[in-house]
Structure formats: C-alpha cells, structure tokens
Amino acid sequence: MNSQELWVHVYGRLKSCKSISTTQLKQLHSFLIKTRPLPLKYPNLISSPPSPPHKHKHKYSRSTHILSFLNHLEKPDLCLSLYNAIIQGLPSNPTTKTASLFQLFELLGHMLANGILPDHYTVPSVLKACAQSRALREGQQIHAYAIKTRLVLSNVYVNNTLMRVYAVCGVIKWVRMVFDESPQRDLVSWTTLIQGYVKMGFPREGVEAFFGMCDAEMRADEMTLVIVLSACSKLGDLSLGKKISGYIYDNGVCRDVFIGNALVDMYLKCGDADFARKVFNEMPVRNVVSWNSMISGLAHQGKFKEALDVFQEMQRMGLEPDDVTLVGVLNSCANLGVLEMGEWVHAYVDRNQIEADGFIGNALVDMYAKCGSIDRAFRVFQRMNRRDVYSYTAMIVGLAMHGEVEMALDVFAEMPRVGVEPDEVTFIGVLAACSHGGLVAEGQKYFREMSSVYKLRPQTEHYGCMVDLLGRAGLINEAEEFIENMPIEPDAFVWGALLGACRIHGKVELAESVMKKLLKVEPERDGAYVLMSNIYSSANRWRDAVKLRRAMKGKNVKKTPGCSSIELDGIVHEFRKGDKSHKRSKEIYKLLEEIMSHIKNHELLAH
DNA sequence: CTAGGGTTAG
C-alpha cells in the first residue's frame with residue numbers, strides 16, 4: 001500500500017466512523033489539501049478547492065504523513081476505528097521493518113495517551129508486524145496487554161497472531177502454551193502450531209499435532225496439508241507421506257499446484273523418484289517451483305544427471321529458471337564435475353544481471369571448487385558483496401580439497417574480522433586443511449577452539465578429521481589414544497580414518513583389528529573390505545587379500561558401484577561399473593577390452 | 001476491517 005492508497009483507505013474508513021467530530025473531519029480534510037498526498041484522480045475525496053496539478057511528488061514517507069497529521073490536530077482524540085485503519089494500512093516493509101515497527105508503537109503510544117484502548121482489531125495487526133520483524137520483546141509487550149484486557153481469552157485472531165509471533169521467533173514452548181490456553185481453536189490455530197513445530201526442526205511433533213487436529217474433527221485444507229507434507233519430507237518417512245497422500249486424494253485437493261509441488265518434494269525426499277515423476281507429469285498446472293522441486297529433489301537424492309536432464313527439459317519448454325533452479329543445477333554440476341554446464345550457468349547469471357550473492361554466489365563458489373577450478377571459485381568469492389558462513393565454508397572446504405592449506409587458513413582467519421561465525425562444517429574444512437598440510441599442532445588448536453571459543457560441539461566427523469590428522473602424520477598411537485578418550489561413540493568416520501592411516505603407514509596388524517571395529521559399526525558397506533584388501537596387497541599378502549574378497553561375497557555386502565561421468569557438448573554421459581544401459585554399450589565394452597589389452601601388453605613389455 | 005502456505009548450499 002503506498003501513501004496515496006493509505007490515505008484513500010483511511011479516508012474511506014472515516015465514512016463509517018461514527019465518533020469523529022465535525023471539527024476533526026474538517027482538520028483532516030484541510031490537512032489532506034495542505035500536504036496533498038492525494039493526486040487529482042481522487043476528486044471526490046478532495047472536492048474543494050480544486051488544486052492545480054503539482055509537478056513534483058511529495059517526498060514524505062507514509063508514516064510521516066500520518067504522524068504529522070496527528071501532530072497537527074488540535075484535539076487528536078481520533079476514534080478507535082480510525083486508528084485501526086491507520087495501523088492496518090501502515091506498510092510492513094521488510095527492509096525498513098524496525099523503523100515501521102517503531103512508528104507502529106509510536107501510534108500505539110498516541111492511542112493510549114488519548115485514552116483509546118487497542119481492541120481485537122488493533123492487536124492482530126500489531127502482532128502481525130511483530131511477527132514480520134521477529135520482534136519477540138514487542139510481541140511479549142502486546143501479549144501482556146492482551147492478557148490485561150482479556151483479549152487473549154476471548155479472541156481467536158489475537159491468539160493465532162500471538163502464536164505466530166512466538167513461532168517465527170522460535171519459541172515453540174510459548175506457541176504451545178498459547179495454543180493450550182486458547183478456549184477456541186480454528187484451522188489457523190492448528191496450522192500455526194504444526195508450522196511452528198516443522199519450521200523449528202520438529203517435524204515429528206508437527207505430524208503428531210496434525211493427527212491431534214484430525215482427532216479434534218478439524219478438516220485440513222491445502223495450506224495445512226502442504227506443511228504436513230513438508231514434515232514428511234524432512235522425516236523421509238515414505239509410508240507416512242503415502243498416508244497423507246491418501247488423505248489428500250480422499251479430500252480432492254490433489255489438483256492444487258501447491259499440493260502438487262509439496263507431493264513431488266515429499267516423494268523425492270522419501271526416495272521414490274519414480275512416483276514423484278508420476279505426480280509431476282499428472283499435475284494439471286505447473287509453475288517454476290514444480291520444476292525446482294524436481295531438480296533440487298533429484299539432486300538431493302544424488303541423481304545429479306537426472307536433475308540436469310529435467311533442467312534441460314525445462315529449457316526446451318522455454319521456461320525461465322529462477323535462482324532456486326540455478327542453485328539446484330549448480331549443485332548437480334558440482335557433484336558431477338561438469339565444468340562446462342556450470343560455466344554456462346555463471347554466464348546466464350551475468351547475462352541476466354542476477355546478483356551473484358547469497359545462494360547463487362555460494363553455489364558458484366562450490367561448483368568451481370568441486371570442478372577443480374579453485375582460482376575461479378576464489379574470484380567469485382572475492383567479488384561477492386556479502387559473504388555468509390556458507391560462502392566462507394564453501395571456500396575453505398574447496399581450498400582444503402585443493403591442498404591450498406595456507407589460503408584455507410587465511411580465509412578462516414578473516415571470518416572473525418568480518419564478524420561471520422563459523423559453524424560445524426567450516427571446521428571440517430579447517431581440520432581437513434591442517435590434515436592435508438600435516439599441521440598437527442594447529443589442527444589440535446583449532447579443534448580445541450571449536451568448543452572453547454565457538455561453542456560448537458564436535459561431531460564424529462570432526463573426531464574423524466582429528467584421527468586422520470594424527471594418523472597421516474604417523475602418530476598412530478596418539479590417534480588410537482584420541483579415539484579412546486572420545487566422549488561419543490566412534491563411528492565409521494573415525495574407524496575409517498584410522499584404517500586409512502594404517503594403509504599409509506603399512507600397519508597391517510593394527511588394520512586387522514580396526515577393520516573388525518569398522519565392520520561392527522558399518523557391516524553393510526564395502527569400504528572396510530576394499531581398504532583392507534588394499535592394505536594386504538601393499539604388504540604383498542595377496543592370499544589374504546583374495547580371502548577377504550571371498551569373505552565379502554558371502555556376506556551380502558552392498559558394493560558402491562564405481563561411477564564416473566563426462567560432459568560432451570553439453571550432454572552428460574554417465575558410466576557405471578557393469579552398466580549396459582547405453583545404446584552403444586557393446587561397442588564401448590569392446591573398445592574398453594582393446595584398451596585393456598594394450599595396457600597389458602605395455603605392462604608385459606615394461607617388466 | 002483482522003490470522004496460517006511449497007522449493008534453496010557446505
């Protein structure tokens with residue numbers, strides 16, 4: 001709502017306002033004429049005297065008009081309804097939210113000073129603004145007022161907006177408290193509660209609340225179901241998702257585009273890509289979010305090539321990608337290592353003047369780093385106007401991967417200077433860099449600082465990094481000791497790191513016992529077997545290596561298939577061990593055999 | 001006259 005619309009709104013409300021005096025009406029009228037916030041296209045609002053068309057627009061902000069109007073009134077005791085109209089009409093600009101919230105409270109002060117009590121129309125408007133600004137303290141002030149005036153007990157709008165304030169501020173306990181104390185609850189109350197749980201990372205509780213809602217014989221609408229589906233996505237619980245899906249089809253809301261998008265997302269995150277595609281294909285209306293859900297969801301499932309295929313399908317249909325699309329595409333490029341396509345996205349971003357900050361910038365840094373172009377990753381990183389913890393983390397992890405140890409630590413050192421707090425993943429990069437550079441003492445220092453300075457609790461990944469750091473440097477005993485003193489149970493990360501160290505330093509006996517421990521925590525994967533058989537081979541213990549491979553076959557271990565991809569003229573070709581799905585796979589394998597025999601001949605010649 | 005929506009990186 002702009003300044004003019006606001007005044008039209010306020011002025012229109014005056015007509016139904018019974019308690020305003022004639023003097024006040026005249027004052028308002030003259031104020032409108034004097035400050036001329038309204039152009040001539042509203043002649044019935046400013047009827048006399050006819051004002052000449054003015055050349056330059058008024059520079060006053062909306063609330064300046066309102067407040068200066070109130071200050072100009074001789075007896076500014078406006079009626080409640082007019083105050084409500086003003087408060088309701090005040091803009092809630094997210095960029096200037098503090099200012100507008102401040103002005104809102106100024107208006108409230110004005111009201112109270114004139115003995116007018118905010119009512120059940122005023123309070124929800126104010127709380128809505130508090131929610132948008134995440135203003136917890138202000139919300140609590142209004143809550144206190146609402147308790148005093150008994151609005152909390154009597155009005156469902158007041159309760160719901162109050163719940164919303166606490167939900168966006170992350171105080172789920174208070175959301176629940178207001179909900180429990182509400183004498184009447186409608187669909188919005190339930191939805192706000194569910195949403196609060198899901199957004200705060202408690203999808204299970206959100207789903208429980210949904211079932212509570214069903215028990216209360218409240219029927220969910222599209223909005224509620226979208227939120228519940230997103231909870232299923234977060235839980236990765238396919239059978240639950242299917243139950244909700246059934247509810248949706250029973251209630252005939254499956255043709256809604258929001259529901260469709262949420263269904264596609266849910267099926268993908270729960271691992272049923274085929275059904276997601278089916279839902280997607282059957283959607284009567286699709287928007288860019290539908291495509292994004294497919295692309296990001298496939299990438300989330302590690303189906304990067306499929307994600308890029310969907311993107312190309314989208315382009316063939318002439319649809320414009322948005323920044324979320326591009327982030328999904330860049331993520332897929334990064335994981336496939338397809339630089340060309342990543343460069344294409346970068347060019348697209350530049351060409352369309354999309355700001356390469358935030359999500360896009362971070363994804364570009366990550367893509368270039370993972371595609372082996374660390375210098376370009378660094379250039380994008382440097383050119384970003386705004387860098388957050390994700391930008392720094394992507395950069396540090398990338399530098400560490402490339403063995404740029406000093407650079408990685410320099411970038412990390414910059415973080416406190418610019419006031420960006422590192423998180424757990426940042427430290428993975430830092431510790432990996434130290435490990436790479438053999439910087440044992442520094443690594444230990446950063447590991448200690450993680451909890452002492454940054455109050456981050458090290459996870460098994462961090463312990464794994466430390467074991468790797470010590471083990472690589474040949475400090476195997478220290479690594480073992482470190483594991484013994486871990487406050488949490490060591491898992492595959494940790495044992496894997498120690499086994500890796502055994503391989504580097506040829507510690508076959510220790511490796512055997514470590515492998516047993518690794519198999520205990522991760523019996524279903526082939527990593528331990530592969531690593532151990534390599535250790536045997538390096539020690540020339542071929543018979544043990546063969547024995548191990550046989551033991552593996554008998555134990556139903558899932559083998560991670562070797563996989564690589566190559567990009568040719570913008571098309572990604574993927575190769576999997578034993579894969580015969582390619583049209584020309586016969587020719588490919590024949591060529592491979594030829595190449596192999598060439599190699600063998602060379603080996604024979606060399607010996 | 002008022003309140004609640006989906007997708008996003010390491």
Side-chain angles (χ1 to χ4, degrees), chain A residues 9-10 12-13 16-17 80-82 84-85 87-89 119-128 131 151 155-165 167-168 186-196 198-199 220-231 233 256-266 268-269 287-300 322-332 334-335 358-367 369-370 388-398 400-401 422-429 432 461:
Chain A
H9 179 77
V10 171
R13 196 66 71 76
S16 57
C17 185
L80 181 59
S81 146
L82 195 52
N84 283 347
I87 286 173
Q88 199 194 308
D119 69 349
H120 59 289
Y121 289 118
T122 328
V123 167
S125 302
V126 178
L127 285 173
K128 186 185 180 180
L151 284 171
N155 188 277
V156 68
Y157 284 87
V158 172
N159 289 330
N160 291 348
T161 42
L162 198 50
M163 282 171 63
R164 174 106 189 111
V165 171
V168 300
D186 63 4
L187 184 56
V188 177
S189 325
W190 283 100
T191 310
T192 308
L193 178 71
I194 296 169
Q195 159 94 304
V198 178
K199 269 267 157 75
D221 68 356
E222 288 90 333
M223 265 189 213
T224 322
L225 290 167
V226 163
I227 296 166
V228 177
L229 280 174
S230 81
S233 298
D256 180 272
V257 64
F258 283 106
I259 292 279
N261 294 345
L263 277 172
V264 167
D265 175 63
M266 184 277 290
L268 274 165
K269 296 264 171 74
N287 58 20
V288 66
V289 179
S290 324
W291 290 89
N292 292 347
S293 298
M294 280 298 287
I295 293 167
S296 316
L298 285 167
H300 187 89
D322 68 1
D323 47 352
V324 178
T325 324
L326 298 178
V327 168
V329 172
L330 284 171
N331 179 18
S332 305
N335 283 286
F359 279 97
I360 292 274
N362 296 344
L364 279 172
V365 170
D366 184 50
M367 183 277 294
K370 288 221 171 79
D388 60 10
V389 56
Y390 297 110
S391 331
Y392 276 97
T393 301
M395 197 64 247
I396 292 168
V397 170
M401 277 194 318
D423 69 2
E424 286 90 347
V425 188
T426 320
F427 275 96
I428 300 274
E461 288 94 326

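Chain letters run A, B, ... following the sequence lines, proteins first, then strands; residues in each count from 1.
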Would you confirm whether [X], through its side chain, and [Y], through its main-chain N or O, come within 3.5 Å as a donor-acceptor pair?
{"X": "T393(A)", "Y": "Y390(A)", "value": "no"}
{"X": "S296(A)", "Y": "S293(A)", "value": "no"}
{"X": "D221(A)", "Y": "T224(A)", "value": "yes"}

Check if the side chain of T191(A) and the base of dG4(B) share a donor-acceptor pair of N or O atoms closer than 3.5 Å. yes

Suppose we call a contact any N or O donor and acceptor under 3.5 Å apart; does that hold for the side chain of N362(A) and the base of dG10(B)? no

Counting side-chain heavy atoms from C-beta on, which of [options] comes nearest to [X]?
{"X": "V188(A)", "options": "dG4(B), dA9(B), dG10(B)", "answer": "dG4(B)"}
{"X": "V327(A)", "options": "dG4(B), dA9(B), dG5(B)", "answer": "dA9(B)"}
{"X": "T161(A)", "options": "dA3(B), dT7(B), dG4(B)", "answer": "dA3(B)"}
{"X": "N292(A)", "options": "dT7(B), dG5(B), dG10(B)", "answer": "dT7(B)"}
{"X": "N331(A)", "options": "dT7(B), dG10(B), dG4(B)", "answer": "dG10(B)"}
{"X": "Q88(A)", "options": "dT7(B), dT2(B), dA3(B)", "answer": "dT2(B)"}
{"X": "M223(A)", "options": "dA9(B), dG6(B), dG5(B)", "answer": "dG5(B)"}
{"X": "F258(A)", "options": "dG5(B), dG10(B), dT8(B)", "answer": "dG5(B)"}
{"X": "D221(A)", "options": "dT2(B), dG6(B), dG4(B)", "answer": "dG4(B)"}
{"X": "N160(A)", "options": "dA3(B), dG6(B), dG10(B)", "answer": "dA3(B)"}

Rounded off to whole Å, could you give me the [atom1]-to-[atom2] distance for the [X] and [N] pair?
{"X": "L193(A)", "N": "dA3(B)", "atom1": "CG", "atom2": "P", "result": "20 Å"}
{"X": "D119(A)", "N": "dT2(B)", "atom1": "CG", "atom2": "C1'", "result": "10 Å"}
{"X": "L268(A)", "N": "dT8(B)", "atom1": "CG", "atom2": "P", "result": "11 Å"}
{"X": "I259(A)", "N": "dG5(B)", "atom1": "CD1", "atom2": "P", "result": "14 Å"}
{"X": "F359(A)", "N": "dG10(B)", "atom1": "CZ", "atom2": "P", "result": "11 Å"}
{"X": "I295(A)", "N": "dT8(B)", "atom1": "CD1", "atom2": "P", "result": "12 Å"}
{"X": "N155(A)", "N": "dC1(B)", "atom1": "CG", "atom2": "P", "result": "13 Å"}
{"X": "L187(A)", "N": "dG5(B)", "atom1": "CG", "atom2": "C1'", "result": "12 Å"}

Report yes if the side chains of N160(A) and R164(A) come closer than 4.5 Å at any heavy-atom pair, otherwise no. no

Any side-chain heavy atom of T122(A) sitting closer than 4.5 Å to one from L80(A)? yes

Any [X] side-chain nitrogen or oxygen under 4.0 Å from OP1 or OP2 of [N]:
{"X": "N287(A)", "N": "dG6(B)", "value": "no"}
{"X": "K199(A)", "N": "dG4(B)", "value": "no"}
{"X": "K128(A)", "N": "dC1(B)", "value": "no"}
{"X": "R164(A)", "N": "dG5(B)", "value": "yes"}

With heavy atoms under 4.0 Å as the rule, sort [X] into base, sugar-phosphate or nothing.
{"X": "D423(A)", "result": "base"}
{"X": "D186(A)", "result": "base"}
{"X": "T224(A)", "result": "base"}
{"X": "I396(A)", "result": "nothing"}

Can V257(A) and S290(A) be said to form a side chain to side chain contact (heavy atoms under 4.5 Å, CB included), step by step? CA-CA 8 Å; V257(A) 64; S290(A) 324; 4.2 Å; yes

The test is side chain to side chain contact (heavy atoms under 4.5 Å, CB included); show your working for I295(A) and N331(A) and say whether it passes. CA-CA 10 Å; I295(A) 293 167; N331(A) 179 18; over 6 Å; no

Going by centres under 5.5 angstrom and planes under 30 degrees, do the aromatic ring of Y121(A) and the base ring of dT2(B) stack? no

